[in-house]
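Presented below is the structure to which this report refers.
Numbered from 1 within each chain, the chains take letters A, B, ... in sequence-line order.
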Amino acid sequence: MPELPEAETARRHLEAAVTGAKIRRVEVHIPRSARAHESPKELAALVEGKKIARVGRRGKAVLLFLDGKQPATLVIRLGMSGHLRIAKKGEPREKHLAGVLELAGGREIRYVDPRTFGQMVARVGHDPDTMPEFESYGPEPLSKEFTADYLKSVLGHRSVGLQVALMNQAIVAGIGKIYADEICFRAGIRPTRKVSTLTGPMRQRLVEATRGVLRQAIRLGGTTTGDESWPYGRFQDKLFVYQRAGEACRVCKTTIRRTAMPGGRGMHWCPGCQR
DNA sequence: AGTTGGACCTGACTGC
DNA sequence: TGCAGTCAGGTCCAAC
């Protein structure tokens, strides 16, 4: 499921392959994937005929910065099964092909999204901070703004558990279930711990664990899980707790537990390593 | 305001 | 073998 490291891997892939390319035409095959727009035509009108000046990222979203008469940005939110690939025009269509960006020269960027939780949104301008998608977003976890002091200011008065807080995009952008579990493990803190009770050293460990886990995952191309929608990753071999309930902790041999979190979803953690 | 839970969606998996 | 039921989770929205 694409979180920050998977979005960053996709960003780097696209940056190398399509920077400078012109988008001739946009096709929307799953209308729901353009649901932020009145119609797919509105999306196409903002994108067609423009050049990909740069490929960026904000949280879990990939951003295509487009130059033309009216500069614009195509925001691609991958949802939980979204996947971007470069194809040659005429290659067989994927089963859940949601959208196609046809490039000058016979290639195309294909956006495939079986569960259709993701979407493509075109916005005017190049500044993510002006776009409704990112209005409430917190800092990038790999930026200088993400510090122990910042965490103190934003978590001090909250009663939610740590894993829920890490997945809140308004607190920090780009973290989902896999990395929230792994960050809590590496920081040595239980995912259920109420964030208002975190100590100063714990907040410092969280900042370091977040950076360490995300950087390593980016280096390894993200995480590939069972549903093969993300074929690039090697971080799955480095997981300590995510989807390892019932198995022995790789550090202390304690059995990894799965505990239901609000919403009925599970969090994975090691009773031996996490306090 | 912060928190919780349901809804959206499809493929993979489980159990009969 | 096949079919129904359950789970997975990013994000939004309604309700407490």
Side-chain angles (χ1 to χ4, degrees), chain A residues 1-8 10 28-37 57-63 75-84 93-99 111-121 128 131-138 140-141 151-184 191-198 214 217 222-231 233 235-236 239 241-246 258-268:
Chain A
M1 33 245 60
E3 304 179 28
L4 187 153
E6 291 76 29
E8 177 62 19
V28 176
H29 294 296
I30 300 177
R32 180 175 140 79
S33 300
R35 60 191 176 279
H37 291 280
R57 181 188 57 73
R58 179 77 170 104
K60 303 169 186 172
V62 175
L63 310 173
V75 178
I76 302 168
R77 314 181 77 177
L78 299 168
M80 73 166 279
S81 59
H83 176 197
L84 290 164
R93 278 188 182 174
E94 293 79 0
K95 187 173 176 195
H96 297 286
L97 185 62
Y111 173 49
V112 181
D113 187 9
R115 294 188 193 176
T116 71
F117 281 14
Q119 53 177 319
M120 296 182 290
V121 188
M131 301 171 193
E133 285 68 36
F134 309 116
E135 196 174 37
S136 65
Y137 268 34
E140 286 291 318
L151 284 180
K152 186 178 183 181
S153 72
V154 76
L155 300 180
H157 58 104
R158 288 176 182 257
S159 62
V160 280
L162 177 57
Q163 197 219 37
V164 171
L166 287 172
M167 289 172 61
N168 182 342
Q169 305 301 297
I171 291 172
V172 58
I175 298 170
K177 279 217 62 215
I178 298 174
Y179 299 105
D181 278 348
E182 294 299 313
I183 289 165
C184 291
T192 48
R193 177 140 183 159
K194 301 263 176 275
V195 290
S196 58
T197 71
L198 293 171
L214 296 179
T223 304
T224 294
T225 50
D227 71 3
E228 101 300 311
S229 62
W230 190 258
F235 190 74
Q236 62 276 13
L239 297 169
V241 286
Y242 178 73
Q243 283 191 347
R244 295 194 68 244
R258 184 182 183 278
T259 303
M261 62 184 265
R265 295 163 190 188
M267 50 187 121
H268 311 82

Could you tell me how far apart [X] ([atom1]) and [N] ([atom2]) are, to the nearest whole angstrom?
X         : N       : atom1 : atom2 : answer
Gln236(A) : dA8(C)  : CD    : C1'   : 17 Å
Phe134(A) : dC12(C) : CZ    : C1'   : 15 Å
His268(A) : dC7(C)  : NE2   : P     : 13 Å
Met80(A)  : dC12(C) : CE    : C1'   : 16 Å
Asp113(A) : dG11(B) : CG    : P     : 11 Å
Arg35(A)  : dC13(C) : CZ    : C1'   : 13 Å
Met167(A) : dC12(C) : CE    : C1'   : 14 Å
Gln119(A) : dC9(B)  : CD    : P     : 13 Å

Need one value for Tyr242(A): base, sugar-phosphate or nothing, where a base atom within 4.0 Å counts as base even if backbone is also close, heavy atoms only. sugar-phosphate
Sugar-phosphate only, base, or nothing, as touched by Lys95(A) at under 4.0 Å among non-hydrogen atoms: sugar-phosphate
From Ile76(A), Asp113(A), Val112(A), residue fulfilling side chain to side chain contact (heavy atoms under 4.5 Å, CB included) relative to Leu84(A): Ile76(A)
Got a second to check how far Lys60(A)'s NZ is from Tyr137(A)'s OH, nearest 0.5 Å? 7.0 Å
Determine: side-chain N/O of Ser159(A) to OP1/OP2 of dT3(B), distance under 4.0 Å, yes or no. yes
Between His96(A) and dC9(B), is there a side-chain N or O to OP1/OP2 distance below 4.0 Å? no
Output the single nucleotide from [options] whose closest atom is nearest the side chain of [X].
X         : options                  : value
Lys60(A)  : dC9(B), dA8(C), dT11(C)  : dT11(C)
Phe117(A) : dG9(C), dT11(C), dT3(B)  : dG9(C)
Arg115(A) : dC9(B), dT4(B), dG2(B)   : dC9(B)
Glu3(A)   : dT3(B), dT10(B), dG10(C) : dG10(C)
Gln169(A) : dG10(C), dT3(B), dT11(C) : dT11(C)
Gln243(A) : dG10(C), dG2(B), dG9(C)  : dG9(C)
Arg32(A)  : dC8(B), dA8(C), dT3(B)   : dC8(B)
His157(A) : dT4(B), dA8(C), dG2(B)   : dG2(B)
Lys177(A) : dG9(C), dT3(B), dC8(B)   : dG9(C)

So Met131(A) and Val75(A), side chain to side chain contact (heavy atoms under 4.5 Å, CB included) or not? Walk me through it. CA-CA 10 Å; Met131(A) 301 171 193; Val75(A) 178; 4.0 Å; yes
Evaluate Leu166(A) against Tyr179(A) for side chain to side chain contact (heavy atoms under 4.5 Å, CB included), listing each step before the verdict. CA-CA 9 Å; Leu166(A) 287 172; Tyr179(A) 299 105; over 6 Å; no
Can you tell me if Ser136(A) uses its side chain to pair, donor with acceptor, with the backbone of Ala170(A) under 3.5 Å? no
Check for a donor-acceptor pair, side chain of Lys177(A) on one end and backbone N or O of Gly266(A) on the other, with a separation under 3.5 Å. yes
